[in-house]
Number of protein chains: 2
Amino acid sequence: MSSDPDSQDRSSATVAARLAEAIHDHRLIPGMKLNEDEVGVIYGVSRTVVRAALQELAHNHLVELRRNRGAFVAQPSVKEAREVFEARALLEPRTARSAAARTTEADIAALRAHIVAEHAALDAGATGRALQLSGQFHIEIARIADQLTIAEIVAQLVARSSLIIALYWQRRTALCESHAHDQLLRALAARDGALAEDLMKSHLLDILTSLDLRDQSSQPRSLEEALRP
Amino acid sequence: MSSDPDSQDRSSATVAARLAEAIHDHRLIPGMKLNEDEVGVIYGVSRTVVRAALQELAHNHLVELRRNRGAFVAQPSVKEAREVFEARALLEPRTARSAAARTTEADIAALRAHIVAEHAALDAGATGRALQLSGQFHIEIARIADQLTIAEIVAQLVARSSLIIALYWQRRTALCESHAHDQLLRALAARDGALAEDLMKSHLLDILTSLDLRDQSSQPRSLEEALRP
DNA sequence: TAATCCATCGGTGTATACAATCCTGCGTCC
DNA sequence: GGACGCAGGATTGTATACACCGATGGATTA
């Protein structure tokens with residue numbers, strides 16, 4: 001919680017987590033260069049641990065490593081965006097169904113707290129935090145289903161989705177998806193697995209259709225993005 | 001192919017690939033310690049790149065990193081084994097269906113060559129190589145479906161499956177699954193997506209049921225567990 | 001004037017040195 | 001004789017030094 005770089009664990013996992021947080025908050029925007037020395041100075045560690053953190057983030061497709069060029073915040077392509085949501089569509093609905101059969105009262109309370117925090121963040125204008133909480137909700141469902149392996153995969157896909165949303169979000173209405181989470185929670189509380197599965201499926205489809213994924217040559221960001229805005 | 005450590009690319013990815021190969025071939029068995037210096041000497045690289053390779057393998061759950069203790073070949077638990085195949089059951093059947101609609105003649109030829117190589121490896125008694133080819137077959141299907149993200153996830157799950165099979169294989173009959181791959185190939189060639197989906201589903205179920213996953217850890221994680229009861 | 005070449009420099013890739021931690025074996029004490 | 005404790009060795013964690021690559025900018029030449 002402290003922002004004092006000297007007072008905390010300086011492991012590579014910590015650095016990776018803080019960088020990921022910054023990416024999710026859009027303080028680091030896609031395409032931005034991550035200089036190893038700078039990051040090291042900021043977090044009070046050497047390049048050795050910075051490199052380990054960057055490698056971990058590269059595994060999760062949050063940064064792209066170009067040999068002899070350095071690390072850059074990832075810029076998922078339109079195709080990649082579709083693929084990520086395709087994978088989520090295969091994993092999450094059935095997992096939500098499984099979760100419904102195993103949801104405990106404690107789980108429901110935790111999810112409800114999650115939604116409350118999400119609303120609060122939205123009201124406070126902290127869209128980055130809201131997005132992160134929204135993603136956590138999905139991961140939590142996989143954990144309730146007691147599928148830790150799937151939860152881990154979903155966690156990675158959710159993280160990538162955050163980047164995708166940062167790049168391709170178009171819907172002017174606020175993140176209304178919180179309503180979908182409310183519905184999901186009710187389905188889980190009612191142990192209605194079929195409903196939970198359907199809700200999750202349409203929820204993911206809803207997010208996907210809220211993106212602007214026209215075939216725009218979103219790849220040549222190297223030059224276009226530099227000159228356009 | 002060369003085993004001369006000086007004649008080839010000494011990047012961490014290469015070291016990771018060769019270690020993974022050794023794990024799949026069961027030359028490195030679950031639980032084995034991977035000393036950083038030894039690995040470095042063997043491949044002619046410094047500990048820096050060995051550590052990067054080990055971190056990559058840890059990310060794929062092929063090795064387990066214990067802080068201040070070192071790296072060990074992973075020993076997936078029974079629960080983890082079930083979870084891996086649960087994830088595969090969600091991803092692969094539907095992906096096989098998609099692949100059926102996109103399979104080209106070149107794809108069919110490549111898959112057929114794959115199966116031939118698999119049979120040859122089996123006949124030659126190279127079960128490790130056969131297992132690896134068998135896994136590649138599954139990954140190839142995801143690539144035919146043009147789902148690179150799913151292909152990557154499946155690749156990781158397949159790698160873990162190889163470890164799981166090494167630990168929990170019980171069926172005395174030879175790896176008869178090659179027949180399942182034959183059937184799958186025919187379904188793809190016939191562009192029968194529904195059949196491909198069904199075949200993949202039952203194929204995965206068949207592998208899972210061929211494992212000995214009785215609830216108590218048949219492979220004790222520690223000596224204590226082995227000697228206590 | 002414009003294009004090409006080369007030198008310099010910032011930054012990454014790798015190796016090595018140092019620090020911290022854990023395991024092991026021996027000695028001592030009860 | 002056994003158990004506890006301490007010290008030595010070995011191995012991992014981290015920092016730093018050096019090597020190599022690529023980018024940038026100026027100078028030279030057509």
Side-chain angles (χ1 to χ4, degrees), chain A residues 4-19 23 28 31-75 220-227, chain B residues 4-19 28 31-59 61-75 220-227:
Chain A
D4 178 5
D6 287 325
S7 71
Q8 62 185 43
D9 172 25
R10 21 166 67 59
S11 72
S12 66
T14 305
V15 174
R18 297 191 62 178
L19 284 174
I23 290 175
L28 294 175
M32 190 173 282
K33 174 82 185 288
L34 296 175
N35 183 290
E36 295 179 355
D37 273 321
E38 287 184 49
V39 176
V41 168
I42 289 171
Y43 293 124
V45 296
S46 77
R47 281 181 53 221
T48 305
V49 5
V50 173
R51 283 177 69 83
L54 290 175
Q55 189 186 340
E56 179 175 337
L57 293 176
H59 272 295
N60 293 332
H61 297 271
L62 290 185
V63 313
E64 183 187 353
L65 291 180
R66 278 180 263 182
R67 186 170 179 88
N68 288 322
R69 307 284 278 301
F72 302 82
V73 180
Q75 296 177 316
R221 297 204 175 276
S222 41
L223 201 66
E224 275 233 28
E225 207 189 26
L227 304 181
Chain B
D4 176 8
D6 288 325
S7 70
Q8 62 186 41
D9 173 24
R10 23 166 66 63
S11 71
S12 67
T14 304
V15 174
R18 297 192 62 182
L19 284 174
L28 294 175
M32 190 173 283
K33 172 84 184 288
L34 297 174
N35 182 290
E36 295 178 356
D37 270 321
E38 286 185 50
V39 176
V41 169
I42 289 170
Y43 294 124
V45 295
S46 76
R47 281 181 52 219
T48 306
V49 4
V50 172
R51 283 176 70 84
L54 291 175
Q55 189 186 340
E56 180 175 337
L57 292 175
H59 196 85
H61 297 271
L62 289 185
V63 312
E64 183 187 352
L65 254 34
R66 277 181 265 181
R67 185 168 178 92
N68 288 322
R69 299 280 202 81
F72 303 81
V73 179
Q75 294 178 310
R221 297 187 74 70
S222 63
L223 270 187
E224 292 186 30
E225 220 169 334
L227 304 180

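Quick note on labels: first sequence line is chain A, next is B, and so on, each numbered from 1.
Nearest heavy-atom pair across B:Leu54 and B:Val63 is O-CG2, 3.6 Å. Here the closest heavy-atom approach between residue B:Glu56 and residue B:Ala13 is recorded as OE1-CA, 4.2 Å. Minimum heavy-atom separation, A:Ser12 to A:Ala53: O-CB, 3.5 Å.
Separating the CZ atom of A:Arg66 from the C1' atom of D:dC21 is a distance of 15 Å, rounded to the nearest angstrom. For B:Glu64 and D:dT12, the CD to P distance is 15 Å, given to the nearest whole Å. Nucleotide D:dT11 holds its C1' atom 13 Å from the CG atom of B:Leu65, rounded to whole Å. The distance from atom CD of B:Gln55 to atom P of D:dT14 is 11 Å, rounded to the nearest whole Å. In this structure, the CD atom of A:Glu38 is 13 Å from the P atom of C:dG10, given to the nearest Å. As rounded to whole Å, 13 Å separates atom P of C:dA15 from atom CG of B:Asp37. Computed from coordinates, the B:Asn35 CG to D:dG13 C1' distance equals 14 Å when rounded to whole Å. One can place CZ of B:Arg51 at 12 Å from P of D:dA15, the figure rounded to the nearest angstrom.
The CZ atom of A:Phe72 sits 16.0 Å away from the CG atom of A:Leu62 when rounded to the nearest 0.5 Å. The CZ atom of B:Arg51 lies 7.5 Å from the CG atom of B:Leu65; values are rounded to the nearest 0.5 Å.
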Worksheet item: Nucleotide by nucleotide, 5' to 3', does protein get under 4.0 Å of the base (B), only the sugar-phosphate (S), or neither (-) in nucleotides 18-25 of chain C, counting heavy atoms?
Response: ---SSS--
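Neither OP1 nor OP2 of C:dG10 sits under 4.0 Å from any side-chain N or O of A:Lys33. At C:dT14, none of the side-chain N or O atoms of B:Thr48 fall inside 4.0 Å of OP1 or OP2 (strictly under the cut-off).
Here A:Glu64 pairs with A:Arg66 under the side chain to side chain contact (heavy atoms under 4.5 Å, CB included) rule; sequence neighbours left out.
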